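First comes the structure, then the notes that go with it.
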Amino acid sequence: MNGPPERNDHLAPFDMLAAHAGTRGYRLVRELGTAAGWLLLDAVDGEPLYEAPSLTDIARYLDE
C-alpha cells in the first residue's frame, strides 16, 4: 500500500485542545468514571485545576 496512513479524525480536536492547554500551563486528561470526564491539571505539579463534562467546556474555559 502506497497511500497515506489512516488518520483518526476523532483525536484531532483533543490533540489541538491539549496543545492549547499546554500553552497556558495546563495538561488535559480524560478522567473516566467521573461526572466531569475531562480535567485540566497544572502542567508542573499535576494538581487538578478545572473539570468539565465536555471538550467544548474545556475550550471555553481556556478561551476566557
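Just so you know, these numbers come straight off a predicted model, no measurement behind them.
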For this session: Quick one: which residue pairs count as a side chain to side chain donor-acceptor pair (under 3.5 Å) with a foot in residues 36-55, not counting sequence neighbours?
Result: S54-D57
Problem set entry | Test salt bridge (charged side-chain N to carboxylate O under 4.0 Å, His left out) applied to R24 - qualifying residues, sequence neighbours left out | none
Problem set entry | R27 side chain vs L40 backbone, donor-acceptor pair below 3.5 Å | no
For this session: Linking directly or through intermediates, with side-chain heavy atoms under 4.5 Å: list the remaining ILVMFWY members grouped with L41, chain and number order.
Result: V29, L39
Exercise. Could you state the interatomic distance from CG (L28) to CE (M16), rounded to the nearest 0.5 Å?
Worked result: 12.5 Å
